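Note on naming: letters A, B, ... go to the chains in the order of the sequence lines (proteins, then strands), and numbering restarts at 1 for each one. All figures in this text were calculated on a predicted structure; none of them were measured in a lab.
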2 protein chains.
Amino acid sequence: MGALEKGLLVIEALGAGTPKLTLSGVARRIGITRAAARRHLLTLVELGYAESNGKLFWLAPRVLRLGSGYIIAAPLPKLAQPVLDRIGERTRETASIAILEANDIVFLAHSLRRGILAANTQIGVRVPAFCTAMGRVMLAHLDDVKIEEFLEASEIRKLTVKTMTSRQDLLQEIRKVRADGYSISDEEIEIGLRSIAVPITNSRGQVVAAMSVSLQAGRMGVSDMIERLLPELEAGRREIVRLI
Amino acid sequence: MGALEKGLLVIEALGAGTPKLTLSGVARRIGITRAAARRHLLTLVELGYAESNGKLFWLAPRVLRLGSGYIIAAPLPKLAQPVLDRIGERTRETASIAILEANDIVFLAHSLRRGILAANTQIGVRVPAFCTAMGRVMLAHLDDVKIEEFLEASEIRKLTVKTMTSRQDLLQEIRKVRADGYSISDEEIEIGLRSIAVPITNSRGQVVAAMSVSLQAGRMGVSDMIERLLPELEAGRREIVRLI
DNA sequence: TTAAAGCGTGCGTAATGCGTACAAAATCTG
DNA sequence: CAGATTTTGTACGCATTACGCACGCTTTAA
């Protein structure tokens with residue numbers, strides 16, 4: 001069913017990066033002929049998923065129905081929400097769960113907020129996995145070959161001066177996470193932001209998500225995080241795994 | 001290009017309501033033959049947008065790439081963000097923008113949060129338009145016939161005891177909003193939540209979004225909101241309209 | 001000013017997706 | 001509990017759909 005595949009790729013192409021694209025731009029980006037791109041774009045416009053001025057094409061709000069469905073329908077956020085809220089209340093910090101999608105983590109739920117929340121942590125937001133505690137904790141349960149493939153496919157870039165960018169070091173770090181059972185990102189995403197994360201497994205033991213607590217760097221040091229936040233996360237993790 | 005159309009409908013069907021659906025269930029819900037539903041579902045599974053155990057089908061995280069693209073790529077949230085932040089800072093309340101999508105409003109951006117935020121206001125979240133200030137302010141710029149059609153198509157239900165549910169009254173209220181140029185929702189969405197909203201127009205004068213300030217009912221009365229918050233919103237509105 | 005490269009579009013053809021018809025479950029009923 | 005009946009999932013031949021080539025036009029470079 002090629003039409004569906006290409007159409008979805010077109011939507012992804014329009015959603016990634018440049019907001020408005022020309023017909024040929026879309027064709028080039030996903031490697032199809034211009035004629036095909038044209039047919040798909042015109043169809044998407046007709047269906048209301050895209051808009052056009054005849055020259056450029058861009059996404060219409062209707063595509064929100066496609067993605068948001070997952071977040072609404074997914075069972076994990078619902079059953080994890082009370083656990084997140086409790087952790088948030090007990091630690092007075094922000095607790096979140098996220099999943100791995102391509103090279104990014106995607107936030108699915110947060111604890112009810114107390115105090116100011118870091119800017120880029122809202123539901124549906126994507127952050128490169130390689131530099132986040134949640135990302136590493138999910139990667140740690142892959143075998144080394146897969147991890148290397150993942151790192152190879154990732155666009156590794158410095159988000160802060162502290163971001164680890166050597167693929168060698170990252171593999172080493174993820175191996176360490178695998179042994180520890182948790183991961184910490186110390187200002188690697190944003191200066192002033194520290195996170196600690198644990199994996200969430202389904203009943204068959206497969207890692208399906210990660211849960212984290214994030215805080216301003218000034219509030220707690222790394223060793224305190226392990227001592228005070230990790231037990232909370234572990235308790236929450238056990239509870240969620242039981243519910244899944 | 002029927003395959004694409006039906007495939008997208010299948011995704012929407014899987015995303016709406018029941019998280020897991022059977023093949024025939026999908027077919028029934030969108031009015032296609034079971035054979036067609038089967039082909040589309042199998043393709044979606046193969047492409048990684050859906051998952052299945054052979055009997056039931058559900059969405060895979062990959063669909064997040066489709067919807068989130070719009071929010072990331074849309075220009076409005078980006079250029080409105082500083083305005084929202086300024087309003088948030090000056091009023092010490094939460095400022096948001098949203099668009100109208102089908103029968104709902106969808107939040108696209110918020111001011112940086114100070115204090116506690118109402119639970120169901122995160123980016124991408126949908127709320128029925130008929131009972132929100134932002135929804136009504138966007139509806140007000142349609143003609144009466146369209147508004148009646150909209151109300152007819154909406155599932156009007158009481159979210160709180162204060163929710164206005166008579167289609168007559170709602171039309172009347174929206175007419176009033178049209179005259180006033182702003183709209184207030186007084187605990188119609190959630191007890192304890194008041195909002196005031198103004199429309200955002202593009203350079204051709206078409207209403208493309210709405211901007212609001214929301215607050216806990218205890219903090220400010222309706223007349224104070226008009227007196228103190230509306231001027232801020234108006235100033236922000238002018239600024240955004242200039243930038244569009 | 002001309003050449004060249006890039007872009008969007010119409011058209012005949014081959015493959016794709018269509019619905020019908022059948023088999024297998026699941027559900028109802030006496 | 002067995003037969004009847006509805007409901008569900010699957011295979012196949014045909015018609016439609018989507019494919020890419022080729023053409024004409026626009027924009028960029030020489």
Side-chain angles (χ1 to χ4, degrees), chain A residues 1-60 62-63 65-67 69-70 73 75, chain B residues 1-60 62-63 65-67 69-70 73-75 204:
Chain A
M1 194 151 275
L4 179 51
E5 173 174 14
K6 302 226 178 89
L8 293 169
L9 284 173
V10 168
I11 294 179
E12 291 187 4
L14 288 178
T18 336
K20 299 191 180 185
L21 281 172
T22 161
L23 190 159
S24 323
V26 172
R28 209 174 321 109
R29 206 175 265 208
I30 55 186
I32 60 176
T33 62
R34 293 194 305 280
R38 182 176 129 86
R39 283 192 296 276
H40 291 272
L41 284 167
L42 292 178
T43 306
L44 288 173
V45 169
E46 199 169 323
L47 298 175
Y49 293 96
E51 291 169 359
S52 168
N53 57 10
K55 206 86 197 162
L56 294 168
F57 293 84
W58 59 91
L59 290 180
R62 182 164 182 157
V63 295
R65 291 191 212 174
L66 303 172
Y70 175 79
Chain B
M1 194 152 274
L4 179 51
E5 173 173 13
K6 301 227 177 91
L8 293 169
L9 284 174
V10 168
I11 294 179
E12 291 187 5
L14 287 177
T18 335
K20 298 192 179 183
L21 281 173
T22 161
L23 191 158
S24 322
V26 172
R28 210 175 320 111
R29 203 174 270 208
I30 54 185
I32 60 175
T33 62
R34 294 192 307 280
R38 182 178 130 87
R39 284 193 295 274
H40 291 273
L41 283 167
L42 291 178
T43 306
L44 287 174
V45 169
E46 199 169 322
L47 297 175
Y49 292 97
E51 291 169 1
S52 167
N53 57 10
K55 205 86 199 161
L56 294 168
F57 294 83
W58 60 91
L59 289 180
R62 181 163 181 159
V63 295
R65 290 190 213 174
L66 302 172
Y70 175 78
R204 288 186 304 265

Closest non-hydrogen atom pair between [X] and [Y], with its separation:
{"X": "B:Ala3", "Y": "B:His40", "value": "O-CE1, 3.2 Å"}
{"X": "B:Arg29", "Y": "B:Leu21", "value": "NH2-CD2, 3.9 Å"}
{"X": "B:Ala37", "Y": "B:Val26", "value": "CB-CG1, 4.5 Å"}
{"X": "B:Lys55", "Y": "B:Ser52", "value": "N-OG, 4.1 Å"}

With B:Glu46 via side chain to side chain donor-acceptor pair (under 3.5 Å) - residues at least two apart: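 Not a single residue meets the side chain to side chain donor-acceptor pair (under 3.5 Å) criterion with B:Glu46.
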
With sequence neighbours left out, write down each residue that passes side chain to side chain donor-acceptor pair (under 3.5 Å) with B:Arg38, or none if nothing qualifies. none

Rounded distance in Å - [atom1] ([X]) to [atom2] ([N]):
{"X": "B:Arg29", "N": "D:dT8", "atom1": "CZ", "atom2": "P", "value": "13 Å"}
{"X": "A:Leu41", "N": "D:dA18", "atom1": "CG", "atom2": "C1'", "value": "15 Å"}
{"X": "A:Leu44", "N": "D:dA18", "atom1": "CG", "atom2": "C1'", "value": "15 Å"}
{"X": "A:Leu56", "N": "D:dT26", "atom1": "CG", "atom2": "C1'", "value": "15 Å"}

Please report the interatomic distance OG1(B:Thr22) to CZ(B:Arg28), rounded to the nearest 0.5 Å. 8.0 Å

From A:Leu42 CG over to A:Leu23 CG, what is the distance, rounded to the nearest 0.5 angstrom? 7.5 Å

With a 3.5 Å cut-off and sequence neighbours excluded, list the donor-acceptor pairs that the side chains of residues 4-14 of chain A form with protein atoms.
residue	atom	partner	partner atom	Å
A:Glu12	OE2	B:Tyr49	OH	2.5
A:Glu12	OE2	B:Arg62	NE	3.4

Double-helix bend of the helix from C:dT1-D:dA30 to C:dG30-D:dC1, axes at both ends from 5 pairs, round to 10°, gives 40°

Of all of residues 3-11 of chain A, which get a heavy atom below 4.0 angstrom from DNA chain C, listed by number? A:Ala3

Could you go through nucleotides 8-12 of chain C and list every protein N or O atom that sits under 3.5 Å from one of its N or O atoms, giving the distance for each pair?
residue	atom	partner	partner atom	Å
C:dG8	OP1	A:Thr22	OG1	2.7
C:dG8	OP2	A:Thr22	OG1	3.4
C:dG8	OP2	A:Ser24	N	2.7
C:dG8	OP2	A:Ser24	OG	2.1
C:dG8	N7	A:Arg34	NE	3.0
C:dG8	N7	A:Arg34	NH2	3.4
C:dG8	O6	A:Arg34	NH2	3.0
C:dT9	OP2	A:Arg38	NH1	2.5
C:dT9	O5'	A:Arg38	NH1	3.2
C:dG10	OP2	A:Arg38	NH2	3.3

Please confirm whether the shortest side-chain N or O distance from B:His40 to OP1 or OP2 of C:dC18 is below 4.0 Å.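 For C:dC18, OP1 or OP2 has a side-chain N or O of B:His40 closer than 4.0 Å.
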
